[in-house]
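Every value quoted in this text rests on a predicted model; they were computed, and no experiment measured them. Throughout, numbering of the chain's residues begins at 1 and tracks the sequence. All values below come from the heavy atoms of this structure, side chains included, with hydrogens, waters and symmetry mates left out.
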Amino acid sequence: MSLSRLNTLMKLAPSTAVRATVQMQTKRNMTAHAEPGHQSGQFKTLAVSSPKPFVFHVELHRPTKFNAINKQMWQEIKDCFEGLAINPDCRAIVVSAAGKHFTAGIDLNDMMGVGMQLAEVDDVGRKGVILEGMIKLYQDSMSSLERCPKPVITAVHKACIGAGVDLITASDIRYCTEDAFFQVTEVEIGMAADVGTLQRLPKAVGSQSLARELCYTGRRFEAAEAHASGLVSRVFPDKESLLSGAVSLAETIASKSPIAVRTTKESMVYSLEHTNQEGLDHIRLLNKLNLQSEDFAQAVAAQLTKDEKPVFAKL
């Protein structure tokens, strides 16, 4: 390494990080790798595994019900993503679904149970309290994907209906198969979507006109239209290649600095609801700390020295 490059590194990073980088191939912190493996049977409606280091795969797992989302699944999605948010072995997440379809949306049989519960209460105010609690749980369930500091990639095959659109629009990146189709069906059952689609779909497709058309009519739109509108960023010929592509992307993301990726997501989500200047102020406050991290020093050093990719410690 040249003296000028060394001086540059010393200005950019703590001395301990510089010394570790300058030494020729010093022993890496290999404990930073998470071993792939399946999780215990913690959930009944989800299957969770780790196919690659630092990559987790969350699979909707009610295939005989076309992955219709019942109350248990709403709760388990929330619990799962809140857990992965603080799991140091997780840096990127792929969401897919078992069986024929991604999801048929909300479980209408489950909703009939809610109707029976409401029928036992006479007072409209008390009925409202029950419904508010239910809707808040469902909202928090979908928002857990957006709030999770780890990037979430949804891999959609065949039908993605109703609550499925709520789920995927709360994710960071959306892929689908050529035979995938999407529908905002809440108007078909006499209600307005209330768990995220009306807020997130217009931003995902970048068109109020298209989003309102889809939400007002409940019409089906296919993979080609979803790709053209920006709802999904890649289309794959089949489910196997879809999952392979999604996991490969997650593996690439997981190889980057977890501090850098986490901060990038936090800033982008924050900026969706704030002015450009507010977003700039926000990232400035974050980076005045993060630019002092060992991740920054190691990544810069690897670029300057053409060294092998750095191995980043767990958060």
Side-chain angles (χ1 to χ4, degrees), residues 41-48 58-83 95-147 154-171 176 179-201 211-221:
Q42 181 181 359
F43 303 111
K44 293 185 178 180
T45 66
L46 305 175
V48 182
V58 177
E59 186 179 48
L60 308 184
H61 208 270
R62 297 187 75 210
T64 61
K65 301 294 184 181
F66 299 139
N67 299 308
I69 305 178
N70 62 1
K71 185 175 182 180
Q72 184 172 24
M73 186 183 281
W74 290 107
Q75 184 66 58
E76 289 189 352
I77 289 171
K78 179 177 181 291
D79 293 343
C80 178
F81 279 89
E82 287 179 350
V95 179
S96 72
K100 185 176 180 180
H101 294 288
F102 183 77
T103 179
I106 194 167
D107 189 326
L108 294 179
N109 289 323
D110 205 53
M111 291 299 293
M112 292 297 292
V114 175
M116 294 174 62
Q117 182 183 1
L118 292 174
E120 296 175 356
V121 179
D122 292 328
D123 182 68
V124 66
R126 286 167 174 78
K127 290 177 188 283
V129 170
I130 294 171
L131 285 172
E132 181 182 18
M134 181 191 74
I135 296 168
K136 183 65 164 62
L137 169 62
Y138 295 177
Q139 289 176 341
D140 289 346
S141 175
M142 298 296 95
S143 293
S144 67
L145 278 71
E146 184 174 75
R147 291 172 182 161
T154 42
V156 179
H157 73 286
K158 296 298 286 286
C160 179
I161 295 172
V165 180
D166 293 306
L167 188 148
I168 68 168
T169 52
S171 70
C176 75
D179 62 0
F181 65 92
F182 307 82
Q183 254 181 305
V184 183
T185 54
E186 281 80 355
V187 292
E188 300 286 1
I189 58 171
M191 63 171 289
D194 57 5
V195 264
T197 289
L198 302 186
Q199 292 71 39
R200 296 185 176 108
L201 181 61
R212 294 183 189 210
E213 176 193 337
L214 297 173
C215 293
Y216 295 163
T217 65
R219 75 165 175 84
R220 168 171 164 162
F221 58 112

>> Check whether D110 reaches the backbone of K71 with its side chain - one donor and one acceptor, N or O, closer than 3.5 Å.
In response: yes
> Is a side-chain donor-acceptor pair under 3.5 Å present for R200 with S143?
Replying inline: yes
> Looking at residues at least two apart in the chain, or sitting in another chain, which of them share a ring pair (Phe, Tyr, Trp, His ring centres under 6.0 Å) with H157?
Replying inline: none
> Around atom CZ of R219, are there more than 12 heavy atoms of other residues, nucleotides or ligands at under 6.0 Å?
Replying inline: yes
> CG/L167 to OG1/T197 distance, rounded to the nearest 0.5 angstrom?
Replying inline: 9.5 Å
>> With rounding to the nearest 0.5 angstrom, report the CD to CZ distance, E59 to F102.
In response: 10.5 Å
> Sub-3.5 Å donor-acceptor pair from the side chain of R62 to the main-chain atoms of A68, do we have one?
Replying inline: yes
> Do any N or O atoms from the side chain of K78 and from the backbone of S144 form a donor-acceptor pair under 3.5 angstrom?
Replying inline: no
>> Go through it in stages, so that I can follow the logic: the residues are V195 and Q139, the test is side-chain contact (heavy atoms from CB on, under 4.5 Å), and I'd like the CA-CA distance, side-chain angles, deciding distance and then a yes or no.
In response: CA-CA 5 Å; V195 264; Q139 289 176 341; 3.6 Å; yes
Result block: side-chain N/O donor-acceptor pairs under 3.5 angstrom for residues 182-193, not counting sequence neighbours:
residue: Q183; atom: NE2; partner: G218; partner atom: O; Å: 3.0

> Nearest 0.5 Å, what's the NZ-NZ distance between K100 and K158?
Replying inline: 5.0 Å
> Closest heavy-atom contact between C80 and V58?
Replying inline: SG-CG2, 3.8 Å
> Rounded to the nearest 0.5 Å, how far apart are CE of M142 and CD1 of I77?
Replying inline: 4.0 Å
>> Tell me if the NZ atom of K65 is crowded by more than 12 foreign heavy atoms within 6.0 Å.
In response: no
>> How long is the straight-line distance from CD1 of I106 back to CD1 of I161, given to the nearest 0.5 Å?
In response: 13.0 Å
>> Restricting to non-hydrogen atoms, name the atom on C215 and the atom on L198 that form the minimum distance, rounded to 0.1 Å.
In response: SG-CD2, 3.7 Å
>> To check you understand the geometry: which heavy-atom pair defines the closest contact between N109 and D107, and what is its length?
In response: N-OD1, 3.0 Å
> Is there a donor-acceptor pair under 3.5 Å between the side chain of T103 and the backbone N or O of N67?
Replying inline: yes
>> Tell me whether Q72 contacts the main-chain N or O of T45 through its side chain, where contact means a donor paired with an acceptor under 3.5 Å.
In response: no
Contacts table for residues 131-138: side-chain donor-acceptor under 3.5 angstrom, sequence neighbours left out:
residue: K136; atom: NZ; partner: D140; partner atom: OD1; Å: 3.0
residue: K136; atom: NZ; partner: D140; partner atom: OD2; Å: 2.8

>> Let me confirm one number: the CD-OG distance from E146 to S171, rounded to the nearest 0.5 Å.
In response: 10.0 Å
